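The sequence lines fix the lettering, A, B, ..., with proteins before strands; numbering per chain opens at 1. Keep in mind the model is a prediction, meaning the values are calculated, not measured.
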There are 2 protein chains.
Amino acid sequence: MAMEWLIAEDNPKDRAFLADLLSDRALRLATNGDEAFQIASSLAEPMVITDLQMPKLNGIEFARRLWRHSPQARIVFWSQHKDEMYVRSLAKIIPAETVYGYVLKDNEPTPLRKAIETVFLEGQCWIDPQLRPIQARTQSRNEAINDFEYEVLVDISLGLTDMMIAQRRYLSRRGVQNRLQSLYVKLGIDQERIAGDMGEAINMRARAVAMALQRGLINAYELQEEEHRFKQWLERQDSKASDNRL
Amino acid sequence: MAMEWLIAEDNPKDRAFLADLLSDRALRLATNGDEAFQIASSLAEPMVITDLQMPKLNGIEFARRLWRHSPQARIVFWSQHKDEMYVRSLAKIIPAETVYGYVLKDNEPTPLRKAIETVFLEGQCWIDPQLRPIQARTQSRNEAINDFEYEVLVDISLGLTDMMIAQRRYLSRRGVQNRLQSLYVKLGIDQERIAGDMGEAINMRARAVAMALQRGLINAYELQEEEHRFKQWLERQDSKASDNRL
DNA sequence: TCAGGTACTGTGCATATCCGCAGGTCTTGT
DNA sequence: ACAAGACCTGCGGATATGCACAGTACCTGA
């Protein structure tokens with residue numbers, strides 16, 4: 001019985017490209033994270049190629065659930081993005097001794113196929129060399145962004161004030177500022193020397209967002225996801241405020 | 001004599017994909033905007049498929065120069081991005097009566113080829129339907145971002161203070177704030193109703209950046225380009241300050 | 001046990017952001 | 001000629017941001 005490989009990819013062109021490249025294998029296709037999880041969890045030994053940005057359940061969350069369900073699953077992340085946020089998220093969910101891959105979409109067909117076979121057939125991890133410096137940064141004591149710092153980065157990226165963040169995260173204003181200060185250090189902003197003729201040159205908050213964008217710690221797609229989460233949180237606050245009025 | 005089509009694309013996988021799709025035509029290949037311009041300007045009737053994000057000379061600037069050199073050139077922009085910043089930039093450089101196309105990279109091979117042929121062989125414009133709402137927005141009186149607003153958006157996205165922007169743009173601080181206010185209106189932030197329990201919920205500046213990211217008015221790639229431009233400007237300021245000291 | 005590190009809180013203060021009010025200049029359309 | 005619109009400047013004031021100083025609690029490693 002042929003071992004089926006699953007392709008989880010919402011972009012029709014990319015899905016077709018990959019299905020064509022691997023047309024000599026038995027394939028299953030999924031167009032979103034939910035569907036991918038349904039299929040993968042029904043396979044004895046899941047072999048999955050997955051995008052990271054997908055509707056319903058993104059690639060990271062899909063992988064986390066699958067690895068909880070089937071720790072021996074082999075997953076190749078095939079992404080446009082070498083964004084640090086993904087590298088960081090992955091590092092937190094990968095089970096010990098897991099065989100996985102992270103391949104960038106700018107790879108041509110032959111090296112792409114080779115990478116996939118390395119993971120699925122040879123049982124070796126395959127990490128795109130372009131990701132090396134990014135992985136290094138996620139492991140550096142001075143530069144790695146911890147969960148508190150990441151959380152407050154998301155909050156300022158949404159445009160929230162200190163007081164709103166404090167409310168959202170059950171902190172004091174000063175607590176928010178501590179996290180921000182810590183973040184600014186990790187992003188290297190506290191050391192920047194940019195002089196203006198009159199007054200300060202740099203707004204720390206906005207500068208942090210700029211550096212984070214350039215470093216791939218946030219991106220427009222994920223910011224939209226976070227916007228959605230924030231809106232849901234607001235709605236929960238509103239109904240709690242209504243309940244308190246009764 | 002066969003009419004050559006030029007493919008300008010820095011991503012090797014995408015370049016190969018397109019060269020393969022159009023392998024029955026005479027093709028020239030370029031890996032950056034500079035090279036693309038050299039080739040295209042030597043063709044009698046340039047037929048170009050170009051990416052937007054390319055080293056040395058981005059797709060927009062390449063097109064602007066080519067259209068100045070050869071106004072009859074036919075250009076198909078083939079991009080990952082339906083970002084408003086690109087739609088906006090294009091609208092400002094397209095010569096009257098030009099035949100061009102804007103195709104998103106998520107199109108599968110057959111519709112992609114059809115779009116290219118529509119532009120090159122039939123002489124009709126082809127705009128990806130996914131871009132309709134974005135084009136509408138760039139033409140709406142209430143939502144279209146003008147050059148002043150765009151400029152100050154870039155500045156705050158870099159993390160500059162009002163006073164630094166004032167210095168950079170030869171304005172008063174109040175002039176900067178006027179532009180910002182105008183921008184906030186266009187982004188709809190002035191109308192947002194987000195209530196916090198204590199104090200303001202929203203930091204306008206950061207919120208503007210968040211909305212602009214989600215709307216594709218700025219993105220990480222272009223922010224890096226702008227970062228580079230700002231650094232160059234800073235260096236020029238420094239040497240001017242040294243000159244004044246003599 | 002003790003010291004160091006991490007994460008938090010409160011207070012105070014200087015500066016930046018945001019915005020209202022008032023006024024000015026220039027361009028365009030009627 | 002005049003009015004409206006676009007864009008600018010100065011001033012004043014309320015609030016937010018950023019940071020210094022001081023202190024607390026908890027965890028971990030020696």
Please set out all donor-acceptor pairs under 3.5 angstrom arising from side-chain atoms of residues 69-78 of chain B, sequence neighbours excluded.
{"from": "B/Gln72", "atom 1": "NE2", "to": "B/Ala44", "atom 2": "O", "distance (Å)": "3.1"}
{"from": "B/Arg74", "atom 1": "NH1", "to": "B/Val119", "atom 2": "O", "distance (Å)": "3.2"}
{"from": "B/Arg74", "atom 1": "NH1", "to": "B/Phe120", "atom 2": "O", "distance (Å)": "3.0"}

For this session: Report the residue (B/Gly199 or B/Asn146) whose heavy-atom-nearest nucleotide on DNA chain D is the more 5′ of the two.
Result: B/Asn146
Exercise. Testing B/Arg205, B/Met204, B/Met211 for side-chain contact (heavy atoms from CB on, under 4.5 Å) with B/Arg207, which one passes?
Worked result: B/Met211
Problem set entry | For the student: nearest non-hydrogen atoms of B/Leu213 and A/Leu223, plus distance | CD1-CD2, 3.8 Å
For this session: Would you give a per-nucleotide map of nucleotides 17-25 of chain C, 5' to 3', where B means the base has a protein non-hydrogen atom under 4.0 Å away, S means only the sugar-phosphate does, and - means neither?
Result: BBBBB----
For this session: Test the B/Arg168-B/Phe230 pair against the cation-pi criterion, namely NZ or CZ under 6.0 angstrom from the six-membered ring centroid and within 45° of the ring axis.
Result: no
Exercise. Taking the inter-plane angle between the rings of A/Tyr86 and A/His81 on a 0 to 90° scale, is it parallel (under 30°), tilted (30 to 60°) or perpendicular (over 60°)?
Worked result: tilted
Exercise. Within this structure, what is the CG-to-C1' distance between A/Asn142 and C/dT6, rounded to whole angstrom?
Worked result: 15 Å
Seminar exercise, completed: A/Tyr170 OH to C/dT9 C1', in whole Å, measures 19 Å
Exercise. DNA chain D: B/Phe148 or B/Met198, which has the more 5' nearest nucleotide?
Worked result: B/Phe148
Problem set entry | Protein-nucleotide distance (B/Ile165, atom CD1; C/dA16, atom P), rounded to Å | 13 Å
Problem set entry | Spacing of A/Ile202 atom CD1 and B/Leu158 atom CG [to the nearest 0.5 Å] | 8.0 Å
For this session: Ignoring backbone atoms, test whether A/Arg179 places a side-chain nitrogen or oxygen under 4.0 Å from the OP1 or OP2 oxygen of C/dT6.
Result: no
Problem set entry | Sugar-phosphate only, base, or nothing, as touched by A/Asp147 at under 4.0 Å among non-hydrogen atoms | nothing
Exercise. B/Gln167 has an atom CD; how far is it from atom P of C/dA16, in whole Å?
Worked result: 13 Å
